[in-house]
Amino acid sequence: MTDTIGKSSAITDEREHEHGISFSDAVKVWARVAALSFGGPAGQIAVMHRIVVDEKRWIGEHRFLHALNYCMLLPGPEAQQLAIYIGWLLHRTAGGLVAGILFVLPGFLAILGLSYIYVAFGSVDVIEGLFFGLKAAVLAVVFQAVFRIGGRALKNKAMVAIAASAFVGIFFLHVPFPVIILIAGAIGYMGGRIGSPLFQLGGGHKSGASAVLEDRHSALGEITPRHARPNLVWSLKISGILLALWLVPVALIVAFLGFDSVFSKIAIFFSQMALVTFGGAYAVLAYVAQEAVQHYGWLKPGEMLDGLGMAETTPGPLIMVVQFVGFMGAFRDPGSLNPMVAATFGAVLTTWVTFIPCFLWIFLGAPFVESLRGNKALTGAMSAITAAVVGVILNLAIWFGLHVLFADVETFSVGWFSLDIPVFRSINFASLLLTAAAVLALFRFRVSVIFTLIGCAMAGMAWTLMTRF
């Protein structure tokens with residue numbers, strides 16, 4: 001495959017590859033992906049894969065996984081970064097900007113609206129019911145994503161073993177996500193370097209595995225577009241602009257308002273979070289909650305879970321919960337501003353410093369990562385990382401399921417080993433019934449994700465209102 005790619009690249013050095021995908025069509029697709037991006041990274045990646053690879057056939061399976069593996073190594077929301085990567089690959093810088101902005105815009109607006117309701121009215125039965133129903137549907141969507149991605153990535157026994165080891169490591173032993181990724185990458189790199197087919201994309205497939213879209217059969221093809229080839233001048237220029245967009249506002253806020261201002265604290269704290277959010281939102285949410293409640297006093301105990309419920313049941317990355325944290329922090333310490341105005345600015349500022357770096361990482365590194373497609377050692381590392389990610393996503397799905405279906409969860413620990421065990425008498429039968437209905441809708445009757453979410457939301461609101469009377 002390496003030789004084929006090399007020959008194709010040489011032949012096309014003199015011309016730009018034409019994939020025939022118009023920018024306007026891409027904008028519509030990215031808006032659709034954004035509107036359907038529920039269920040955390042697992043669900044979001046699955047939605048993107050279904051639309052961009054399976055339905056539109058714009059890029060092939062191997063290219064999709066290659067991009068995903070790179071995004072998994074970066075700090076920040078990998079699903080949004082994957083959208084930026086693919087948008088850039090298809091339509092240059094403008095394509096990446098549109099894909100990335102649209103990915104977070106619906107969630108930002110939804111959480112902002114729910115935050116207004118939250119501080120204005122507090123607990124509202126209809127809103128509680130909406131969250132209750134959506135959580136059950138989101139749980140089903142996440143498990144569907146585990147099956148879809150796992151079915152594609154776990155090509156052989158070696159990949160299954162890596163996924164299983166990753167799950168045990170993170171679920172039972174709480175091994176840090178970066179450590180799991182580094183170990184998996186090292187194993188895959190060595191396997192790819194010695195030429196083992198078990199660690200090569202397309203090699204060692206299980207018999208009867210569903211056909212995948214090969215890169216050469218996609219609209220983009222298997223070659224690298226001219227704009228996607230390494231260009232150090234362009235990378236440094238665009239990175240400099242994005243770095244300024246990220247850090248200059250932070251510096252100006254600190255300079256004019258001082259370090260004691262809530263806006264300065266928000267800008268600095270969440271800029272730091274943007275550098276360490278490896279492994280998805282759950283990897284840092286416990287720390288964010290602790291700092292926001294105990295150190296800064298932005299939230300009251302329990303409010304972080306309310307914000308997490310907003311983020312889990314609205315489209316966009318789960319890390320959008322930090323928007324709610326910034327909103328509440330500025331609302332409670334508005335200074336001379338109207339509390340709602342201050343809260344809005346706090347939400348915008350938090351979102352800005354959290355997501356601008358995502359564009360920086362992609363535009364800086366993606367051209368160089370693209371140039372390494374076909375490298376057997378790197379492909380082996382990427383394949384192993386993808387398998388490990390399946391185990392990590394399964395861990396998130398089970399964690400989410402425990403907290404959706406049970407009111408109380410206890411932790412059993414012996415040395416390095418620990419296990420979250422549900423208190424079975426605390427099971428929420430209504431949530432279990434809704435989740436089962438959502439699973440049947442998605443797996444058995446092939447109902448679309450959006451209709452499943454709407455149906456469960458309506459059922460949740462109806463159930464909550466019924467129990468209040």
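This structure is a prediction, so every number in the text was calculated from the model and none was measured. In this chain, numbering begins with 1 at the start of the sequence shown.
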Looking only at heavy atoms, which two atoms of [X] and [Y] are closest? And how far apart?
X	Y	answer
F103	M48	CE1-CE, 3.9 Å
D420	P422	O-CD, 4.0 Å
W361	Y70	O-OH, 3.0 Å
P77	C358	CD-SG, 3.5 Å
I84	I362	CG2-CG2, 3.7 Å
A163	A387	CB-O, 3.2 Å

Less than 4.5 Å apart, any side-chain heavy atom of [X] and any of [Y]?
X	Y	answer
N428	F132	yes
I101	W30	no
L349	V353	yes
F263	L337	yes
I59	D215	no
F345	M340	no
F270	V288	yes
F355	W246	no

Query raised in the report: Picking from E55, H49, R50, what satisfies side chain to side chain contact (heavy atoms under 4.5 Å, CB included) with V53?
Result: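 Going through the options one by one, the only one that passes is H49.
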
Query raised in the report: Would one find more than 12 heavy atoms of other residues, nucleotides or ligands at under 6.0 Å from atom CZ of F172?
Result: yes

Query - Over 12 non-hydrogen atoms of neighbours within 6.0 angstrom of CZ in F443 - result: yes

Query raised in the report: Are the aromatic rings of Y118 and F327 close, with centres under 6.0 Å apart?
Result: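 Centroid separation for Y118 and F327: 6.0 Å or greater.
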
Query - Stepwise side-chain contact (heavy atoms from CB on, under 4.5 Å) check, L432 with I427 - result: CA-CA 8 Å; L432 178 62; I427 189 170; 3.8 Å; yes

Say whether, by atom type as modelled, one donor and one acceptor occur between the side chain of [X] and the main chain of [Y] under 3.5 angstrom.
X	Y	result
Q81	L68	no
H66	V369	yes
T467	T464	yes
Q44	G316	yes
Q80	G100	yes
S426	D408	yes
S264	D260	no

Query - Stepwise side-chain hydrogen bond (donor to acceptor under 3.5 Å, both in side chains) test for Y85 and E370 - result: CA-CA 10 Å; Y85 192 117; E370 266 296 300; 2.9 Å; yes

Spacing of [X] atom [atom1] and [Y] atom [atom2] [to the nearest 0.5 Å]:
X	Y	atom1	atom2	result
F171	N395	CZ	CG	6.5 Å
L220	R57	CG	CZ	13.5 Å
F331	S115	CZ	OG	10.5 Å
F406	R425	CZ	CZ	12.0 Å
I253	K265	CD1	NZ	14.0 Å
L102	K28	CG	NZ	13.5 Å

Query raised in the report: Could you go step by step and tell me if V262 and I266 meet the side-chain contact (heavy atoms from CB on, under 4.5 Å) rule?
Result: CA-CA 6 Å; V262 68; I266 287 172; 4.1 Å; yes

Requested in this report: Applying side-chain contact (heavy atoms from CB on, under 4.5 Å), run through V293 and K300 and close with a yes or a no.
Outcome: CA-CA 6 Å; V293 173; K300 295 178 181 177; over 6 Å; no

Give every donor-acceptor pair under 3.5 Å between a side-chain atom in residues 181-197 and any protein atom, sequence neighbours left out.
{"unit_1": "S196", "atom_1": "OG", "unit_2": "L198", "atom_2": "N", "d": "3.3"}

Query - Ion pair E214/R63, N-O distance below 4.0 Å - result: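 Looking at R63 together with E214, the answer is no, because their closest N to O distance does not fall below 4.0 Å.
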
Query - Sequence-distant partners of H217, side-chain hydrogen bond (donor to acceptor under 3.5 Å, both in side chains), two or more places apart - result: none

Query raised in the report: How about S218 and W58: does a side-chain donor come under 3.5 Å of a side-chain acceptor?
Result: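 Checked: S218/W58 side chains show no N/O donor-acceptor pair below 3.5 Å.
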
Requested in this report: In sequence, state the C-alpha distance, the side-chain angles, and the governing distance for L139 and L405, and then conclude on side-chain contact (heavy atoms from CB on, under 4.5 Å).
Outcome: CA-CA 10 Å; L139 178 57; L405 301 178; 4.1 Å; yes

